[in-house]
Amino acid sequence: MLQLQEGETITDFFLIKEREIKQASNGSDYANFMLERNLEVIPARLWDVTAEQKEKLTRKAIVKVEGSVLTYRGKLQLTIQRIRLATEEDQVNVSELISRKGVQREALWQELRFMMEEVQSETLRAIMKQLFSKRVLRERLTTIPASKSYHHTYYAGLLDHIVHVTQAALQLLPLYPKVNKDIVVTTCLVHDLGKTEVFTEAVAPEYSTTGELMGHITLGLELVHDAAKEAGISSHHDELIGLKHCIASQFGEVSQGFGSTASPKTAEAIFFQHVKQMNTMLHAFEIMQERTTETWTYSPMFKRRMYTKGNDHCSKEG
């Protein structure tokens with residue numbers, strides 16, 4: 001976590017996540033930036049921006065910034081004194097700027113492949129083989145975030161989320177022997193693949209037109225349907241329908257308005273919905289704790305203030 005203090009000067013490399021050009025009262029132009037580094041997003045301002053800087057300092061550019069920290073409207077931001085584009089000599093990797101410490105793309109992909117072996121059903125294995133053999137899907141799956149704002153919002157965040165959800169399911173499934181393991185594990189591994197068509201890219205991702213209009217659940221169901229068709233599996237196959245239902249109901253009851261297109265109506269759907277929800281919420285809470293030093297922090301996801309001081313504080317107060 002970047003420990004910013006008012007009055008200090010910092011020099012570091014950042015990704016330009018957002019940029020806006022505005023005009024000051026004296027008629028000169030200035031630029032407002034949102035700079036990102038390792039999950040930290042910092043507002044910054046560059047006064048008297050030149051035409052060359054407007055051209056070069058664009059969204060997704062990697063820059064070296066020297067700036068002073070000040071408080072503006074109650075929040076810390078940078079006033080930029082010097083800024084330039086990163087060069088090859090700087091040896092800055094954009095994926096490192098938007099990554100979370102400890103998240104290793106290659107290791108996660110290997111773990112996902114191992115967990116596919118947990119599925120015994122030839123039907124479900126054939127569907128997964130069709131899906132994960134697609135190069136473009138695989139490339140996006142292993143780089144894009146799981147969301148823009150709420151959880152796993154970093155490089156390879158979607159892959160991290162999928163692997164952790166599957167790991168949690170595999171730990172809990174022995175406690176519920178009547179739940180179909182093959183359907184649950186397959187759901188864990190493919191439930192968010194629609195997001196590979198929702199997000200345009202890994203660096204400063206935006207929603208695609210298709211993603212905005214259709215949503216990741218619908219897109220995911222289409223991917224699974226097409227993969228099953230390519231594998232010669234009937235659209236009426238019981239396991240395929242069970243898998244689709246789990247994907248469609250992944251956000252719980254339709255009446256809650258979180259995005260499900262069907263309410264959970266099978267043991268597998270109930271099981272999966274709660275495992276996914278647990279992973280999403282606990283991860284969002286963990287990131288929130290990492291980003292704050294406050295005892296209480298407001299969360300847009302939970303829509304309330306959350307106790308973020310940590311377990312050590314809890315134990316001391318008994």
Side-chain angles (χ1 to χ4, degrees), residues 94-95 98-99 103-148 152-167 169-170 182-237 239-248 250 259 261 272 276 279:
V94 64
S95 65
I98 58 176
S99 294
V103 175
Q104 299 178 337
R105 170 190 175 188
E106 293 78 12
L108 288 168
W109 175 246
Q110 282 298 112
E111 182 65 19
L112 183 148
R113 292 180 65 186
F114 285 136
M115 292 188 296
M116 287 173 62
E117 300 301 318
E118 295 283 343
V119 177
Q120 302 301 311
S121 164
E122 292 298 326
T123 297
L124 297 175
R125 287 169 69 95
I127 291 171
M128 287 193 289
K129 182 178 179 180
Q130 288 291 335
L131 287 167
F132 292 121
S133 65
K134 299 180 186 300
R135 185 183 61 80
V136 173
L137 182 148
R138 190 170 62 247
E139 176 63 26
R140 290 188 177 181
L141 166 64
T142 56
T143 57
I144 64 173
S147 69
K148 283 187 65 176
H152 300 82
T153 58
Y154 44 83
Y155 186 76
L158 177 59
L159 180 60
D160 195 28
H161 170 60
I162 286 173
V163 168
H164 286 171
V165 167
T166 312
Q167 288 173 333
L170 287 169
D182 284 355
I183 290 178
V184 168
V185 173
T186 304
T187 302
C188 291
L189 293 171
V190 308
H191 75 280
D192 264 351
L193 294 188
K195 290 183 178 179
T196 62
E197 297 190 7
V198 167
F199 292 121
T200 55
E201 59 183 337
V203 179
E206 291 292 344
Y207 294 113
S208 66
T209 300
T210 303
E212 287 276 20
L213 294 175
M214 304 294 288
H216 83 273
I217 288 182
T218 298
L219 292 172
L221 289 170
E222 288 183 349
L223 286 172
V224 169
H225 175 83
D226 291 346
K229 187 175 181 179
E230 291 165 4
I233 298 166
S234 168
S235 61
H236 301 292
H237 194 289
E239 288 179 312
L240 175 59
I241 293 173
L243 171 62
K244 286 182 175 180
H245 175 65
C246 288
I247 295 172
Q250 62 182 270
T261 59
F272 172 71
K276 175 183 170 68
N279 176 268

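The chain is numbered in sequence order, starting from 1.
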K.L.:
When rounded to the nearest 0.5 angstrom, what distance separates CD in Glu111 from CG in Asp160?
P.N.:
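Between Glu111 CD and Asp160 CG, I get 11.0 Å after rounding to 0.5 Å.
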K.L.:
Tell me whether Arg140 contacts the main-chain N or O of Glu197 through its side chain, where contact means a donor paired with an acceptor under 3.5 Å.
P.N.:
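Not confirmed, Arg140 side chain does not pair with Glu197 backbone.
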K.L.:
I would like to know whether Phe199 and Leu158 meet side-chain contact (heavy atoms from CB on, under 4.5 Å); could you show each step before the answer?
P.N.:
CA-CA 11 Å; Phe199 292 121; Leu158 177 59; over 6 Å; no
K.L.:
Distance check, rounded to the nearest 0.5 Å: Arg138 atom CZ versus Thr143 atom OG1?
P.N.:
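So the CZ of Arg138 and the OG1 of Thr143 are separated by 12.0 Å.
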K.L.:
Given 3.5 Å as the limit, does a donor-acceptor pair link the side chain of Lys195 with the main chain of Ala146, or not?
P.N.:
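Such a contact is found between Lys195 side chain and Ala146 backbone.
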K.L.:
How far does OG of Ser121 sit from CD1 of Ile127, to the nearest 0.5 angstrom?
P.N.:
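With rounding to 0.5 Å, OG (Ser121) is 7.5 Å from CD1 (Ile127).
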K.L.:
Using the side-chain contact (heavy atoms from CB on, under 4.5 Å) definition, which of the options Leu189, Leu141, Leu193 pairs with Leu131?
P.N.:
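Of the listed options, the one satisfying the test is Leu193.
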K.L.:
Do the side chain of Gln250 and the main chain of Ile247 share a donor and acceptor less than 3.5 angstrom apart?
P.N.:
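Judged by distance alone, yes, a pair lies under 3.5 Å.
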K.L.:
Looking at Glu139 and Arg105, is there a salt bridge between them, counting it only when a charged N and a carboxylate O are closer than 4.0 Å?
P.N.:
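Counted as a salt bridge, because a side-chain N and a carboxylate O are separated by less than 4.0 Å.
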K.L.:
Has the side chain of His191 got a donor or acceptor atom that lies under 3.5 Å from a matching backbone atom of Cys188?
P.N.:
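Flag set: sc His191 to bb Cys188 pair under 3.5 Å.
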K.L.:
Counting C-beta onward and ignoring hydrogens, is there a side-chain heavy-atom pair between Lys129 and Met116 closer than 4.5 Å?
P.N.:
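SC-SC contact between Lys129 and Met116 ruled out.
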K.L.:
Specify the closest pair of heavy atoms between Val165 and Lys276, including all atoms of both residues, with the distance to one decimal.
P.N.:
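Nearest pair, atom of Val165 first, then Lys276: CG2-CA, 4.3 Å.
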K.L.:
To the nearest 0.5 Å, what is the distance between CG (Leu170) and CE (Met115)?
P.N.:
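With rounding to 0.5 Å, CG (Leu170) is 7.0 Å from CE (Met115).
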K.L.:
Side chains of Leu112 and Thr142: does their closest heavy-atom pair fall under 4.5 Å?
P.N.:
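The answer is no, as the side chains (C-beta and beyond) never meet within the 4.5 Å cut-off.
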K.L.:
Could you check if a side-chain atom of Ile183 sits within less than 4.5 angstrom of a side-chain atom of Cys246, using non-hydrogen atoms only?
P.N.:
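SC-SC contact between Ile183 and Cys246 confirmed.
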K.L.:
Taking all atoms of both residues into account, what is the closest heavy-atom pair of Val103 and Leu108, and its distance?
P.N.:
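Looking at all heavy atoms of both residues, the shortest contact is CG1-CD1, 3.7 Å.
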K.L.:
Specify the closest pair of heavy atoms between Met128 and Val119, including all atoms of both residues, with the distance to one decimal.
P.N.:
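Closest approach of Met128 to Val119: CE-CG2, 3.7 Å.
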K.L.:
Quick one: OG1 on Thr218 to CG on Leu223, what's the gap to the nearest 0.5 Å?
P.N.:
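Going from OG1 on Thr218 over to CG on Leu223, the span is 11.0 Å.
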K.L.:
Of all the heavy-atom pairs spanning Leu240 and Ser234, show the shortest one and how long it is.
P.N.:
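For Leu240 and Ser234, the tightest heavy-atom pair comes out as CD2-O, 3.5 Å.
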K.L.:
Of the non-hydrogen atoms in Val185 and Glu118, which two are nearest, and what is the gap between them?
P.N.:
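It is CG1-CB, 4.5 Å.
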K.L.:
Can you sort out the partners of Gln130 under side-chain contact (heavy atoms from CB on, under 4.5 Å), two or more places apart, ordered by chain and number?
P.N.:
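Checked Gln130 against side-chain contact (heavy atoms from CB on, under 4.5 Å); matches are Ala227, Glu230, Ala231.
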K.L.:
Taking the side chain as C-beta and beyond, is there a heavy-atom pair between Trp109 and Leu159 under 4.5 Å?
P.N.:
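A side-chain contact exists here, since the closest heavy-atom pair is under 4.5 Å.
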K.L.:
Shortest non-hydrogen contact from Val224 to Leu243?
P.N.:
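Closest heavy-atom pair between Val224 and Leu243: CG1-CD2, 3.9 Å.
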K.L.:
Return yes if some donor-acceptor pair links the side-chain N/O of Thr200 with the main-chain N/O of Glu206 below 3.5 Å, else return no.
P.N.:
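Yes: the side chain of Thr200 pairs with the backbone of Glu206.
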K.L.:
Mind checking side-chain contact (heavy atoms from CB on, under 4.5 Å) for Thr210 and listing every partner two or more places apart, or none if nothing turns up?
P.N.:
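Residues passing side-chain contact (heavy atoms from CB on, under 4.5 Å) with Thr210: Ser208, Met214, Leu219.
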K.L.:
Rounded to the nearest 0.5 Å, how far does NZ of Lys229 lie from OG of Ser235?
P.N.:
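Here the rounded value is 9.0 Å.
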